[in-house]
Protein chains: 2
Amino acid sequence: MIRDEAADLPDGGAPKTPDRLRRRASRLLSQLTVRSDRLITEGLARADARKWHYAVLASLQEFGPGSQAELSRRSGIYRSDMVGVLNELTERDLVERAPDPDDRRRNIITISAQGRRRLRRLDKVLDDLHDELLAPLSPAERDQLVRLLIRLLDHHTQSS
Amino acid sequence: MIRDEAADLPDGGAPKTPDRLRRRASRLLSQLTVRSDRLITEGLARADARKWHYAVLASLQEFGPGSQAELSRRSGIYRSDMVGVLNELTERDLVERAPDPDDRRRNIITISAQGRRRLRRLDKVLDDLHDELLAPLSPAERDQLVRLLIRLLDHHTQSS
DNA sequence: CGGTACCGTTAGTGTCACTAACGTTCTCGG
DNA sequence: CCGAGAACGTTAGTGACACTAACGGTACCG
């Protein structure tokens, strides 16, 4: 008889996480991020996409075409990883990769019409997923959370 | 001349992250968690410790001795990874690992006096690190952040 | 007694952020 | 003009992490 997918940490009975742990912001962040990442990754996978597809498409839409290195800087994806992401995006015709005639080191990446459609679709998908992620919070609380996170992130990125 | 440690995404000039990305809670969480994890991991490394050492010691201190599987459930560390963590903790004499006479499948793990000292030390280290992590926020805001995160995490763990 | 479940342990997977090194191409100071 | 250094795209690899699979051994329950 097929068992129910193992589940090694099933959170059954009395989990009893120590309070010291429960209150540490660092732990809350990493635990929650694991869940959040899984939620988003799975949701995007259902739409045949990955987080980085969205990041690149969004960057192209908002700031126009650019070289791979430039996209890398805009989106926070390392240029070594950008290669594969762009391979996937060109495969799907969401993006066009053409050599820059003015600088033969560069490729110029352009979003396609289909890419723009896809971006709109992914925006909807992500809206829904965030609704699920932030379900327990009121709109005001969601806003507050986002503002707090932005302040923290800004603080730790400018001074890196 | 020796260059300044590469730094492949140096955030130089005009990074221009697309707004779509900047506002997504999922992205904020994962970006911030990368920074937070690095901060904590490096800080603990300076004290010859790792996050999991703290988690296990805290769990032992608050709920008393237990089997490896039980510690695993309390701390969220998989029991396959618990083995290595306990090896490190016993090496450092912070913890004692003894077979359970009443159930020969189990090991009973007990915190040592030295382990309790270490836990107090790590608590201080983590306090300082969290001060750094949450530096831009007022005490009230830190509290609010923690409360929001707890609510989200609880929501996504009970219904897992 | 026999099946099922739990124990500790070993090994392995996939993802992610990140580094190193390459050959090529551009830039710029001397 | 040319030569050093930097930026580009690309390939390969690292280490940490969450998680799965399978094992031999042990306990529990009908």
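Convention: sequence-line order gives letters A, B, ...; per-chain numbering from 1.
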For R117(B), what residues pass the salt bridge (Lys or Arg N to Asp or Glu O under 4.0 Å) criterion, not counting sequence neighbours?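 Partners of R117(B) under the salt bridge (Lys or Arg N to Asp or Glu O under 4.0 Å) test: none.
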Give a yes/no answer on whether the side chain of Y78(B) brings an N or O atom under 4.0 Å of OP1 or OP2 in dC19(D).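 True: Y78(B) side-chain N/O within range (under 4.0 Å) of dC19(D) OP1/OP2.
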For dC18(C), does OP1 or OP2 lie under 4.0 Å from any side-chain N or O of R35(B)?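 False: R35(B) side-chain N/O out of range (4.0 Å or more) of dC18(C) OP1/OP2.
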Check the distance between [N]'s [atom2] and [X]'s [atom1] and give it to me in whole angstrom.
{"X": "M82(A)", "N": "dG9(D)", "atom1": "CE", "atom2": "P", "result": "9 Å"}
{"X": "E88(B)", "N": "dT9(C)", "atom1": "CD", "atom2": "C1'", "result": "16 Å"}
{"X": "L39(B)", "N": "dA16(D)", "atom1": "CG", "atom2": "C1'", "result": "17 Å"}
{"X": "I77(B)", "N": "dA16(D)", "atom1": "CD1", "atom2": "P", "result": "15 Å"}
{"X": "I108(A)", "N": "dT25(C)", "atom1": "CD1", "atom2": "C1'", "result": "15 Å"}
{"X": "N107(A)", "N": "dA7(D)", "atom1": "CG", "atom2": "P", "result": "18 Å"}
{"X": "L71(A)", "N": "dA7(D)", "atom1": "CG", "atom2": "P", "result": "17 Å"}

Can you give one letter per nucleotide of nucleotides 10-16 of chain C, 5' to 3': B if a protein heavy atom sits under 4.0 Å from the base, S if only from the sugar-phosphate, - if neither? BB----S
Using side chain to side chain contact (heavy atoms under 4.5 Å, CB included), reason through I109(A) and E70(A) one step at a time and then give a plain yes or no. CA-CA 10 Å; I109(A) 313 299; E70(A) 200 179 337; over 6 Å; no
4.5 Å side-chain heavy-atom contact, I111(A) and L94(A):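 They are not in side-chain contact.
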Any heavy-atom pair between the side chains of S112(A) and V95(A) that's under 4.5 Å?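 Sidechains of S112(A) and V95(A): no contact.
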May I ask you to say whether R118(A) pairs ionically with D93(A), meaning some side-chain N is under 4.0 Å from a carboxylate O?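 Salt bridge absent between R118(A) and D93(A).
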Identify whether the distance between the nearest side-chain nitrogen and carboxylate oxygen of D100(A) and R104(A) falls below 4.0 Å.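 Salt bridge absent between D100(A) and R104(A).
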Just list the side-chain donor-acceptor pairs under 3.5 Å for residues 55-65 of chain A, sequence neighbours left out, or say none.
{"from": "S59(A)", "atom 1": "OG", "to": "R74(A)", "atom 2": "NH1", "distance (Å)": "3.2"}
{"from": "E62(A)", "atom 1": "OE1", "to": "D19(B)", "atom 2": "N", "distance (Å)": "3.1"}
{"from": "E62(A)", "atom 1": "OE2", "to": "R20(B)", "atom 2": "N", "distance (Å)": "3.3"}

Need to verify one output field. Residue with the more 5' nearest nucleotide on DNA chain D, Q68(A) or R38(A)?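 Upstream on the strand: Q68(A).
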List the residues meeting side chain to side chain donor-acceptor pair (under 3.5 Å) with R24(B), not counting sequence neighbours, and say none if there are none.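 R24(B): side chain to side chain donor-acceptor pair (under 3.5 Å) contacts with D123(A), D127(A).
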Just call it for S30(A): base, sugar-phosphate, or nothing, with non-hydrogen atoms closer than 4.0 Å on any strand.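 If one applies the 4.0 Å heavy-atom cut-off, S30(A) turns out to touch nothing in the nucleic acid.
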Pair up each side-chain donor or acceptor in residues 41-49 of chain A with any protein partner under 3.5 Å, not counting sequence neighbours, and list the distances.
{"from": "T41(A)", "atom 1": "OG1", "to": "D37(A)", "atom 2": "O", "distance (Å)": "2.7"}
{"from": "D48(A)", "atom 1": "OD1", "to": "R92(A)", "atom 2": "NH2", "distance (Å)": "2.9"}
{"from": "D48(A)", "atom 1": "OD2", "to": "R92(A)", "atom 2": "NE", "distance (Å)": "3.0"}

Heteroatom pairs (N/O) under 3.5 angstrom, protein to nucleotides 25-27 of chain D:
{"from": "dA27(D)", "atom 1": "OP1", "to": "R104(B)", "atom 2": "N", "distance (Å)": "2.7"}

